[in-house]
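A quick write-up on the structure given underneath.
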Amino acid sequence: MTGDGGHAPTDNLWGGASSAAGSRSHPTSEDYLSVLNEEQRQAVVHNGKSLLILAGAGSGKTRVITTKIAYLIGEKGVDPYSILAVTFTKKAAQEMAERAHFLEPRSVHASLRTFHSFGSWFLRQYTQEAGIDRNFTVYDDEDSATLMHKAMPQLNRQEAKSMAAKIARAKDYCWEPDSPELFHIDSSELFPRCYEAYQQRLRETGNIDFGDLIMLPVRLMEEDGLIRQHMHRRFSVIMVDEYQDSNVAQFKLLRQLVGEDTYVCVVGDDDQSIYSFRGAEVQNILQFPKHFEHTHIIKLEKNYRSTPQILATANDSIKNNSDRFEKSLQPTRPAGALPALTFLDNSQDETAFCADVIEKAHQRGIPYRDWALLYRTNAQSLGFETEFLHRKIPYTIVGALKFYDREEIKDALAILSLVANPRDEIAFRRIVNKPSRGIGEKTQEKIVERAKADTGTKGDGGGGSYVAACKEEMATATKKAQGGLKEFVSLIESLTVLLEENQQQKQPLPVEDLANQVDSLFYQSTTETESTPEEKLPLEMPLTAELSPDQTDSLADTSKGAEDSQEGQPEQSQQPPRRKAGKKKLSHFVEQLNQLSGLMEYHAAQDEVAGTQRVANLQELANSAVLYPMTMAGLLDFLDHIQLDRTLENNSDGDTDAVTLITVHNTKGLEFPRVILTGLEYGVFPRQDKKDESLEEERRLFYVGVTRAQHQLLLTSCRKRVRYGHLEEMMPSPFLLEIQENHLRHLGEIPYVYRSLRREQAGQATTPTAMATHPLAAKWKVGRTVYHDDYGYGGIIRTRTEEDEFVVVVKFETGAEKQFMPEYQRQLMLVEG
DNA sequence: TCACAGTGACTTTTT
DNA sequence: GTCACTGTGA
């Protein structure tokens with residue numbers, strides 16, 4: 001069934017499609033199949049019911065998927081429209097789309113999406129069945145925490161946040177407020193009550209949270225055979241990338257989507273499962289053959305990315321994990337340099353060292369974009385940013401300091417959300433009194449009560465509008481509040497009117513508008529149809545991965561706008577529309593909103609005192625809306641895009657030559673010629689050693705980091721680091737010690753602890769039973785002098801490890817004998833010498 | 001209602 | 001070193 005007949009008919013189809021696609025020549029199926037190895041080729045042409053591809057790091061996983069898509073369309077005559085491929089990040093989805101499109105132009109009609117954007121697409125078609133608002137928006141974690149806080153006022157902010165996180169976890173498993181399994185997460189009787197209250201409050205707003213994006217579609221399909229059938233007819237091929245990171249809810253979604261005649265193919269690597277903290281279930285991939293009958297398994301172990309030296313390092317580490325498919329990566333690349341390990345005195349030295357290395361390399365002609373700087377936590381990026389800024393090394397930072405999480409941006413988005421859905425309690429609370437309009441907590445509470453009473457007029461939507469409630473409240477409110485409310489109501493209403501007025505231009509009611517349309521049809525560029533996302537019948541809704549608005553070139557205009565609009569000037573910078581636009585752009589609407597709401601003025605004042613960039617950020621938000629039409633549908637699209645695509649916010653990807661600063665988690669699926677893996681200290685990476693299981697996940701994370709590198713890998717570790725405002729002595733990461741000594745090159749000074757741990761390890765090599773020595777043991781040795789805030793000076797007389805916690809026993813000068821866990825009790829300090 | 005100062009608690013990783 | 005929450009005074 002491989003390279004047989006098919007040529008003549010498929011070639012016709014092929015030719016037709018590629019000529020339409022333009023100048024770029026697309027490879028033929030022979031071309032793209034010939035570059036695959038045997039296993040890859042098998043995976044592509046596999047022709048059964050279900051397929052599990054276990055693909056090691058760098059084994060050409062994406063190539064296999066994209067080739068498979070092309071092959072199915074080009075050779076097997078599968079309708080691209082009926083192909084669904086889901087990934088976890090937008091970035092991955094986009095890359096998949098690009099590569100598939102290169103191989104097979106018709107793949108633009110396939111649905112290449114993230115799980116969550118698929119959920120959103122699904123729910124937009126079934127808002128009524130799901131019991132949510134037609135114009136629902138998606139709450140992020142912070143919104144959820146606020147909602148929880150309001151639903152259960154006795155919780156303080158932190159407790160509310162933790163409850164919200166637990167609810168999110170429950171939704172990862174599709175557990176309802178009355179599910180008995182909830183105790184797995186939190187056995188207190190408070191938890192189900194909180195969940196219940198939260199859920200009720202959420203439904204009152206008509207909105208949904210991240211978990212609902214998966215959970216609600218699952219429930220709808222479980223309960224409604226018609227919807228399920230509908231989906232089965234719609235998709236005949238379903239593929240999932242990075243399947244090791246799917247959670248139970250996502251598994252259930254897949255289960256529902258796969259009908260009798262659906263072909264299902266999942267790809268993943270259990271060694272790269274790094275999201276169990278948010279419910280990812282490795283068992284999904286391990287048990288896949290059990291859940292889907294007649295599963296064929298193909299392993300891809302040849303690595304096409306890294307040098308043998310880098311792979312040796314990776315294998316050294318990952319083989320220490322117990323719960324995994326036994327496998328090891330086979331190198332195919334030519335030999336390279338050994339990975340280098342450098343110890344630095346402190347994190348300042350670390351940043352300087354990294355900057356030096358990159359600068360020197362640059363002088364040798366190695367571009368900045370070759371480099372990626374990896375760290376465990378976002379907070380670590382700050383030091384690098386300042387150093388790079390100072391040295392004028394260009395960098396792009398992925399994922400950190402999220403643009404859309406900034407206060408001013410969330411404020412503006414809250415107004416947008418409220419315009420879309422006036423029942424949005426969280427958005428309402430956020431901006432009703434910002435800038436201060438004299439509407440305090442008391443008044444807000446009354447309005448919320450009123451709005452909720454409104455909802456009592458059962459049925460789905462209708463009541464519960466906060467704008468309406470504000471109006472009613474005006475009658476009884478105090479003078480001060482009255483004025484504020486009036487201001488606020490007129491803001492939202494005028495914005496709504498603005499949007500509706502513009503929207504009406506689309507509807508062919510007034511004759512002049514028809515004329516306008518003719519006008520735009522004839523006299524404006526017709527090449528790029530400014531298609532507005534319109535409400536269509538469910539089956540016809542496009543589900544292709546939409547390209548994100550090009551935020552990069554709008555960036556350029558930002559700073560200017562910021563300077564000019566210091567005072568509440570009437571806006572001078574009318575949006576610079578690149579293409580002549582007949583219809584107004586959403587960016588215009590956002591600018592209006594920024595002005596009318598007083599947010600611009602408010603934040604300009606803040607900028608003044610704090611030296612921040614808030615006005616510029618608000619302007620940038622407006623700029624980023626330029627690709628959306630100024631309609632309700634455009635607004636929803638825009639909000640969706642922001643909520644579901646938090647990854648490619650500020651990266652000016654493409655041709656710019658810049659170093660990548662990125663968390664290890666975020667590098668999943670990426671590769672770089674040169675990688676520096678930083679902060680390899682115990683307590684930072686791995687973060688803690690609570691349980692074996694989570695240490696194994698940290699190790700997988702380390703493995704992911706190492707296997708991102710193609711040619712060159714640098715590892716750095718600091719002896720001291722500032723944490724919690726104090727300079728602390730750090731221990732080297734245990735992962736460093738797992739690497740065979742001759743697989744590493746050690747640069748510079750090697751700390752005593754590292755040496756002695758290596759020695760200890762060498763001694764133990766013959767007795768591999770107990771590697772129980774706690775990493776802290778090297779530092780807190782019997783006989784050392786310590787100082788305690790309360791007890792004064794003393795000496796360590798004993799140490800032991802108790803349930804993975806390291807305990808020291810200290811006898812103080814006072815005679816008192818006390819036990820401490822130095823990891824947590826910071827009052828106890830080692831005295832130098 | 002709001003602004004300020006003092007106090008206490010906590011820091012993963014993300015759609 | 002950073003929030004977030006609390007209490008005070010205007």
Side-chain angles (χ1 to χ4, degrees), chain A residues 86-93 113-120 138-142 144-146 149 155-162 165 168-169 171-172 208-215 242 245-247 249-250 273-280 374-383 398-400 402 404-405 407 433-444 477-481 483-484 609 640-649 662-668 679 683-688 690 694 697-698 700-702 704-705 721-728 824 826:
Chain A
V86 282
T87 62
F88 283 82
T89 66
K90 186 89 178 188
K91 208 169 195 163
R113 288 226 158 193
T114 65
F115 260 115
H116 289 88
S117 80
F118 172 79
S120 176
V138 182
Y139 278 159
D140 67 12
D141 291 348
E142 201 194 317
S144 295
T146 312
H149 192 40
L155 302 177
N156 68 31
R157 191 98 212 138
Q158 243 133 32
E159 290 166 327
K161 205 174 157 187
S162 123
R169 194 77 333 98
K171 290 187 174 184
D172 285 340
I208 60 173
D209 60 18
F210 274 123
D212 288 342
L213 283 168
I214 311 296
M215 191 170 163
E242 307 281 10
D245 285 323
S246 61
N247 60 33
Q250 286 157 340
S273 165
I274 53 175
Y275 283 108
S276 72
F277 68 91
R278 71 163 202 235
L374 276 50
Y375 36 80
R376 176 66 237 271
T377 65
N378 277 311
Q380 286 165 261
S381 74
L382 216 89
V398 180
K402 310 214 172 64
Y404 293 113
D405 284 348
E407 185 189 345
N433 199 30
K434 198 170 194 177
S436 178
R437 300 185 178 91
I439 306 167
E441 189 71 22
K442 271 257 169 69
T443 322
Q444 288 179 31
T478 61
K479 274 254 168 60
K480 197 157 95 182
V609 284
D640 247 24
H641 195 274
I642 287 168
Q643 282 307 321
L644 303 182
D645 173 20
R646 327 263 293 179
T647 48
L648 36 88
E649 292 164 348
I662 191 169
T663 63
V664 186
H665 278 91
N666 264 323
T667 62
K668 197 172 70 167
V684 175
F685 194 173
R687 219 186 146 257
Q688 76 233 340
K690 278 249 169 69
S694 69
E697 176 142 322
E698 294 278 328
R700 289 194 289 269
L701 195 57
F702 180 73
V704 168
R721 185 177 287 273
V722 180
R723 308 174 82 201
Y724 304 93
H726 288 292
L727 194 63
E728 278 185 49
Y824 306 107
R826 294 177 202 293

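Residue numbers start from 1 in every chain, and the chains themselves are labelled A, B, ... in the order their sequence lines are given, proteins ahead of strands. Atoms considered below: every heavy atom in the structure, side chains included; atoms not considered: hydrogens, waters and symmetry mates.
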Can you check the distance between B/dT13 and C/dA4, where both ends of the measurement are the C1' atom (answer in whole Å)?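 Per the computed distance, 23 Å lies between those C1' atoms.
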Report the secondary structure of DNA chain C in dot-bracket form, marking unpaired bases with a dot and bases paired to a different strand with |, and treating Watson-Crick or G-U pairs with both distances under 3.5 Å as paired. .|||||||||
Look at the aromatic rings of A/H665 and A/Y275 and report parallel, tilted or perpendicular, splitting at 30° and 60°.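 Because their plane-to-plane angle lies in the 30° to 60° range, the rings of A/H665 and A/Y275 count as tilted.
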For [X], which contact category applies under a 4.0 Å heavy-atom criterion: base, sugar-phosphate, or nothing?
X      : answer
A/Y275 : sugar-phosphate
A/N433 : sugar-phosphate
A/F277 : base
A/T443 : sugar-phosphate

Would you say the base of B/dT13 and the side-chain of A/R278 have a donor-acceptor pair closer than 3.5 Å?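 Per atom types, no contact qualifies.
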Under 3.5 Å: donor-acceptor pair, side chain of [X], backbone of [Y]:
X      : Y      : value
A/H149 : A/L155 : yes
A/Q250 : A/F115 : no
A/D245 : A/I274 : yes
A/T146 : A/E142 : yes

Please determine whether a side-chain nitrogen or oxygen atom of A/N378 lies at a distance below 4.0 Å from atom OP1 or OP2 of B/dT12. no
Short side-chain N/O contact from A/T663 to OP1 or OP2 of B/dT14, under 4.0 Å: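 Answer yes for this pair, as a side-chain N or O of A/T663 is under 4.0 Å from OP1 or OP2.
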Which whole-number value in Å describes the distance from A/I274 CD1 to B/dT12 P? 17 Å
List for me each residue that meets ring-ring contact (aromatic ring centres under 6.0 Å, His included) alongside A/Y139, sequence neighbours excluded, and say none if there are none.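 Applying ring-ring contact (aromatic ring centres under 6.0 Å, His included) to A/Y139 gives none.
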First encountered from the 5' end of DNA chain B, between A/H665 and A/I439: A/I439
